[in-house]
Amino acid sequence: MTAPVLLTLSQARSRLQAEPELFVVYDQNAAWVASKLMEGLPVRASQALETSEERKTLETVQALERWLLQADASRGTLLLAVGGGITTDLVGFTAAIYKRGIRYANVPTTLLAQVDAAIGGKTGVNLDGYKNMLGAFRMPEFTVLEAAFLRTLPEREWRCGLAELLKTFLIGDGEAYGQAVRFFAGAQDDISGLIAKAARIKADIVSQDPYEKGERALLNLGHTFGHAIEHEARLQGADITHGEAVAMGMVLAARLSEKRGLAAIGLSAQLKADFEVLGLPTECPYPLAVLQEAMQKDKKATGGKVKFILLEAPGRPIIQELTVNEAVDDLR
């Protein structure tokens, strides 16, 4: 697998101009970005998606596969995804399995996708409410980083992306974590530099471990707890987004780090205070016992154990393989 390629919008447009078979799939909420992007490009066909976790399924992928087939898309096609993480996951998985694999590229339009979901080649869909249980590693040709595409994001979407950006700095750059908290607490506007820094941290980790055999697992900080929170929220009809669940999950991971003697007491309180200043939720609304079953079904569980990503301090992550019962018992 090649290393992630990060491009500016102008660089991407230059590449796309030469594509003989360019197909575009876009989130209907990002139609204005897709329209702007497709101007002057040799787009053979485009398709809008209605995106949600409930629609992130094999049925949606099959519909895209049929669309490509009916449009005579060949193995030389480049499939361009324009949208947030759900869109890039769906389109990437579609590309991974159509005619045993075609090329795709990402134009992420949410902060979460620009710093995390659209980088690294993880693609997939949900199964029976469990996150990304079906998928494939398929590296995009490139990912575009363009802060201007974020200008219409609702405030809640900003916060969701902010959780993933902070996660990246917590595992990769403790100083940048502090800078980001201060930056967003000050309601600054130009975040291009922070986006680029977070994207590069993820790209560097992925290039060293593209198939998640080791260090790439660090990117899952907060996600084992977070995915279980998302699953329970869907069962109960509660409105909790991925970024919000990850924020809660990171606080739980910090608490577990303290309980296991890896971090000084106070780390979880520090993260909780930082997140709350930025408008992120920090308290899991469900008892840990309720989350156990979902965590045991975590797709990264092996031999009854899960790789929990813990912290010694911001910028100093550590991987510990624990059973879910061990983790939950420590947190009680």
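The analysis underlying the following values was restricted to heavy atoms, covering all of them including side chains, and did not include hydrogens, waters or symmetry mates.
Ring planes of Phe149 and Trp32: perpendicular class, angle over 60° (limits at 30 and 60°). Relative ring orientation between Phe23 and Trp67 is described as perpendicular, the plane-to-plane angle rising above 60° on a 0-90° scale split at 30° and 60°.
Counting only distance, with no hydrogens or angles, the side chain of Arg103 and the backbone of Gly76 share a donor-acceptor pair below 3.5 Å. Remark: the backbone N or O of Ala118 is paired with a side-chain donor or acceptor of Asn106 at under 3.5 angstrom. Looking only at distances, no side-chain donor or acceptor of Thr51 sits under 3.5 Å from a matching main-chain atom of Thr87. Under the 3.5 Å distance criterion, the side-chain polar atoms of Glu230 are left unmatched by any main-chain donor or acceptor of Ala245. For the pair Thr94 (side chain) and Leu90 (backbone), a donor-acceptor distance under 3.5 Å is present. At distances below 3.5 Å, at least one donor-acceptor pair connects side-chain atoms of Glu244 with backbone N or O atoms of Thr241. Looking at Asn126, its side chain does come within 3.5 Å of a backbone N or O of Asn132 through a donor-acceptor pair. Side-chain atoms of Arg13 come within 3.5 Å of backbone atoms of Leu37 as a donor-acceptor pair (strictly under, hydrogens ignored).
When the side chains of ILVMFWY residues are joined at heavy-atom separations under 4.5 Å, either directly or via intervening members, Ile119 and Val33 end up in two distinct hydrophobic clusters.
The OG atom of Ser192 lies 8.5 Å from the CD atom of Gln114; values are rounded to the nearest 0.5 Å.
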Item to complete: Take Lys305 and Glu326, measure what salt bridge (Lys or Arg N to Asp or Glu O under 4.0 Å) needs, and give me the verdict at the end.
Response: CA-CA 9 Å; Lys305 291 192 174 183; Glu326 286 174 329; 5.0 Å; no
- Message: One pair to check against side-chain contact (heavy atoms from CB on, under 4.5 Å): Arg316 and Leu311. What are the steps and the verdict?
- Response: CA-CA 6 Å; Arg316 290 163 51 195; Leu311 292 170; over 6 Å; no
Test Met295 against His227 for side-chain contact (heavy atoms from CB on, under 4.5 Å), laying out the working first. CA-CA 8 Å; Met295 287 195 289; His227 284 166; over 6 Å; no
Requested in this report: Please test Arg200 against Asp173 for salt bridge (Lys or Arg N to Asp or Glu O under 4.0 Å), starting from the C-alpha separation and ending with a verdict.
Outcome: CA-CA 11 Å; Arg200 178 49 56 195; Asp173 191 331; over 6 Å; no
**Asked** Can you check side-chain contact (heavy atoms from CB on, under 4.5 Å) on Thr60 and Lys56, steps first, answer last?
**Response** CA-CA 7 Å; Thr60 300; Lys56 189 181 176 185; over 6 Å; no
(Q) What verdict does the side chain to side chain donor-acceptor pair (under 3.5 Å) test give for Thr110 and Glu157, after you've listed the backbone C-alpha separation in whole Å, the side-chain angles of each residue and the deciding distance to 0.1 Å? (A) CA-CA 7 Å; Thr110 65; Glu157 286 293 326; 5.4 Å; no
**Message:** Go through it in stages, so that I can follow the logic: the residues are Leu49 and Gln28, the test is side-chain contact (heavy atoms from CB on, under 4.5 Å), and I'd like the CA-CA distance, side-chain angles, deciding distance and then a yes or no.
**Reply:** CA-CA 6 Å; Leu49 284 182; Gln28 63 184 16; over 6 Å; no
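Remark: of the listed residues Leu68, Val61, Leu64, Leu68 is the sole one forming a side chain to side chain contact (heavy atoms under 4.5 Å, CB included) with Tyr98. For the pairing with Lys167, the side chain to side chain contact (heavy atoms under 4.5 Å, CB included) check across Asn220, Asp116, Leu162, Leu218 returns one residue only, Asp116.
Applying the 6.0 Å contact sphere to CD of Gln296 captures more than 12 heavy atoms from other residues, nucleotides or ligands. More than 12 heavy atoms of other residues, nucleotides or ligands sit less than 6.0 Å from atom CZ of Arg332. A 6.0 Å sphere centred on NZ of Lys99 holds more than 12 heavy atoms belonging to other residues, nucleotides or ligands.
Using a 4.5 Å heavy-atom cutoff, the side chains of Arg138 and Phe93 are not in contact. A heavy-atom distance below 4.5 Å is found between the side chains of Val206 and Met139. Taking the side chain as every heavy atom from C-beta outward, Leu322 and Arg260 approach each other to under 4.5 Å. Residues Ser257 and Ile318 form no side-chain contact, since every pair of their non-hydrogen atoms from C-beta on lies 4.5 Å or further apart. Under the 4.5 Å side-chain criterion, counting only non-hydrogen atoms from C-beta, Phe169 is in contact with Leu194. The closest side-chain heavy-atom distance from Glu146 to Thr8 is not below 4.5 Å. Side-chain contact between Gln270 and Pro314: present, with at least one pair of heavy atoms (C-beta onward) separated by less than 4.5 Å. Here the side chains of Leu271 and Tyr177 are in contact, with some heavy-atom distance below 4.5 Å.
Counted by atom type alone, Glu164 and His223 present one or more donor-acceptor pairs between their side chains at under 3.5 Å. With no hydrogens or angles considered, a side-chain donor-acceptor pair links Glu276 and Thr282 at under 3.5 Å. One side chain, Glu21 or Ser74, offers a donor N or O that lies under 3.5 Å from an acceptor on the other. A donor atom on one side chain and an acceptor atom on the other are not found under 3.5 Å apart for Gln11 and Ser14.
One finds a salt bridge joining Glu283 and Lys272 here, because a Lys/Arg side-chain nitrogen approaches an Asp/Glu carboxylate oxygen to under 4.0 Å. A salt bridge does not link Arg234 with Asp128: every distance from a Lys NZ or Arg NE/NH1/NH2 to an Asp or Glu carboxylate oxygen is 4.0 Å or more. Using a 4.0 Å cut-off between charged side-chain N and carboxylate O, Asp89 and Lys122 make no salt bridge.
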